[in-house]
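Below: one structure, written as structure tokens.
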There are 2 protein chains.
Amino acid sequence: MGRAREKPVRRSVVGAQDRHAALRRIPGEEGTAIDYDVLNAHLGYLIRRVQVWIFQDFIRTLADADIRPAQYSVMVVVGANPGSSQISLSQALGIERARLVRMLHELERRRLIERRRSASDGRSHALHLTGEGIALLATAKALAAEHERNLRQRLGAERWQSLLRLLDGLPS
Amino acid sequence: MGRAREKPVRRSVVGAQDRHAALRRIPGEEGTAIDYDVLNAHLGYLIRRVQVWIFQDFIRTLADADIRPAQYSVMVVVGANPGSSQISLSQALGIERARLVRMLHELERRRLIERRRSASDGRSHALHLTGEGIALLATAKALAAEHERNLRQRLGAERWQSLLRLLDGLPS
DNA sequence: TATTGTTATACTCTATAACTATA
DNA sequence: TATAGTTATAGAGTATAACAATA
């Protein structure tokens, strides 16, 4: 859970210059100072707070494409691995297969993804992006890159790079 | 979303030696290799994966005290700031006040926390731990410290320390 | 028998809106 | 009128169990 944040400012038709407002906010410390005690010594707490903070910017930035983080991860992996099955996608991304079913229903309804019957195994589906899916993924990747540049600027290039290096390959 | 993980092994009466099983697992790479494409270059994705991984161990470790991460953060902060109001707690922890209401209902039902009418402001509640709450918090802190030691060992002391240093004080 | 996709259920957490009682 | 706490609702996301079709 991140610290306090003034009014999430539901973005609607706000221009790109306001897109990363949350990353500029100074949270906490409004009113009486609160003692966090041991919380700030827990890596899990700190990492959770920062994760929520990053995701808020990601969600806001990708809202233009109407794509949420989990949907983005599915689109990216299907795009890079056309024909993969739901079970392998589920395992790769750590999404429960029951949950993935509903996500794919939605993405299929929006004509971004297709489920084709596998030729080799009648039980499994081969997942593919549609033309629209490929186009939307390109847009989403561009927005995600914009988010990433902004995040890098907010954190400072050094800290950003260090975090990438320290976190890549985990859990191990 | 973390990568794949074999069967979460719902802990019930398993001994402490099995408590951190998840932190020892080698996830992913079971079956055909999947291309993660740009995902591993997104700090948000990496940090989310690690956060979920850490929380799974935290939840499993604190299950003995029947305390979830958000409940732990509330108990810790109320313990360190007796008399605080729900609104200041909500702002400090980034928990919606509507959500906090239901959490406090549950903690009050379990006689861990008390809501007392504030003398100075009839609208607000002064939050306090009960005797049982203080005792349970001590147990929870000990379990959390055990989790933290294990995490430190899994990550390596250097990486653990670097992450703490890089993440503390964020978002800023 | 085991696996893939599916449906269903329960619970946690987030986001909002609206209400009440106090200020 | 604003604020603190509350209730209610809708939607993500997680965790499980059970089922049909296929292997």
Side-chain angles (χ1 to χ4, degrees), chain A residues 1-2 4-5 7-12 22 30-31 48 51-53 55-56 58-60 62-63 66-74 84-91 93-106 108 115-127, chain B residues 1-2 4-12 22 30-31 48 51-53 55-56 58-60 62-63 66-74 84-91 93-108 115-127:
Chain A
M1 7 262 70
R5 200 172 308 285
K7 203 164 290 180
V9 182
R10 209 68 188 137
R11 237 167 61 78
S12 42
E30 59 275 273
R48 165 75 177 163
Q51 181 257 303
V52 168
W53 176 64
F55 266 47
Q56 283 177 346
F58 186 90
I59 291 167
R60 194 175 301 110
L62 275 280
D66 195 15
I67 288 287
R68 311 231 350 134
Q71 293 174 321
Y72 177 74
S73 70
V74 165
S84 19
S85 67
Q86 296 184 195
I87 196 74
S88 79
L89 187 60
S90 153
Q91 286 171 353
L93 293 174
I95 301 172
E96 279 297 323
R97 67 196 207 280
R99 167 86 192 118
L100 186 59
V101 167
R102 288 190 299 277
M103 286 183 56
L104 291 174
H105 280 345
E106 172 62 12
E108 205 167 33
R115 287 190 254 215
R116 305 184 191 152
R117 232 46 231 189
S118 163
S120 54
D121 187 335
R123 295 169 302 182
S124 74
H125 290 159
L127 301 173
Chain B
M1 10 262 62
R5 201 172 307 285
E6 303 86 318
K7 201 165 291 180
V9 182
R10 209 65 190 140
R11 237 168 61 77
S12 43
E30 59 276 272
R48 165 74 177 163
Q51 181 258 303
V52 167
W53 175 64
F55 267 46
Q56 283 178 347
F58 186 91
I59 291 168
R60 195 175 299 111
L62 274 280
D66 195 15
I67 287 287
R68 310 230 352 132
Q71 292 174 321
Y72 178 75
S73 70
V74 166
S84 18
S85 66
Q86 298 183 194
I87 196 75
S88 79
L89 187 59
S90 153
Q91 285 171 354
L93 293 174
I95 300 172
E96 280 297 323
R97 66 196 207 281
R99 166 88 191 120
L100 187 59
V101 167
R102 288 191 299 277
M103 285 184 56
L104 292 174
H105 280 344
E106 171 63 13
L107 294 174
E108 206 167 31
R115 286 190 255 216
R116 303 184 193 153
R117 227 55 225 186
S118 163
S120 54
D121 187 335
R123 295 170 301 181
S124 73
H125 290 159
L127 301 173

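We name chains A, B, ... by the order of the sequence lines, and we start the count at 1 in each one.
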- What nucleotide, of C:dA15, D:dA15, D:dG5, holds the atom closest to the side chain of B:H125?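 Closest nucleotide to the B:H125 side chain: D:dG5.
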
- Item | Shortest non-hydrogen separation from A:R97 to A:S90 and the atoms involved |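 Heavy-atom minimum between the residues: N-OG, 3.6 Å.
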
Rounded distance (Å) that lies between atom [atom2] of [N] and atom [atom1] of [X]:
X: B:M103; N: D:dT6; atom1: CE; atom2: C1'; value: 16 Å
X: A:I59; N: C:dA15; atom1: CD1; atom2: C1'; value: 11 Å
X: A:R116; N: C:dG5; atom1: CZ; atom2: P; value: 15 Å
X: B:I95; N: C:dT14; atom1: CD1; atom2: P; value: 7 Å
X: A:R99; N: C:dC13; atom1: CZ; atom2: C1'; value: 13 Å

- Query: What is the nucleic acid contact for B:S85, judged by heavy atoms within less than 4.0 Å: base, sugar-phosphate only, or nothing?
  - Reply: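 The residue B:S85 makes sugar-phosphate contact but no base contact.
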
- Query: So what does B:R102 touch, heavy atoms closer than 4.0 Å: a base, only the sugar-phosphate, or nothing?
  - Reply: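 The answer is base, as B:R102 lies within the cut-off (heavy atoms under 4.0 Å) of a base atom.
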
- Quick one: NE2 on B:H125 to CZ on B:R117, what's the gap to the nearest 0.5 Å?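 One gets 3.5 Å once the value is rounded to the nearest 0.5 Å.
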
- Message: Would you compute the distance between atom CZ of A:R68 and atom CG of A:L62 and round it to the nearest 0.5 angstrom?
- Response: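 With rounding to 0.5 Å, CZ (A:R68) is 10.0 Å from CG (A:L62).
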
- Message: At under 4.0 Å between heavy atoms, how does the protein contact nucleotides 17-23 of chain D? Give one character per nucleotide, 5' to 3', with B, S or -.
- Response: -B---BS

- Would you work out how much the helix from C:dT1-D:dA23 to C:dA23-D:dT1 bends between its ends, with each end axis defined by five base pairs, to 10 degrees?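 Roughly 10° between the end axes, to the nearest 10°.
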
- Query: Among all residues two or more places apart in sequence or in another chain, which pass the side chain to side chain donor-acceptor pair (under 3.5 Å) test with B:R123?
  - Reply: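 Partners of B:R123 under the side chain to side chain donor-acceptor pair (under 3.5 Å) test: B:D121.
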
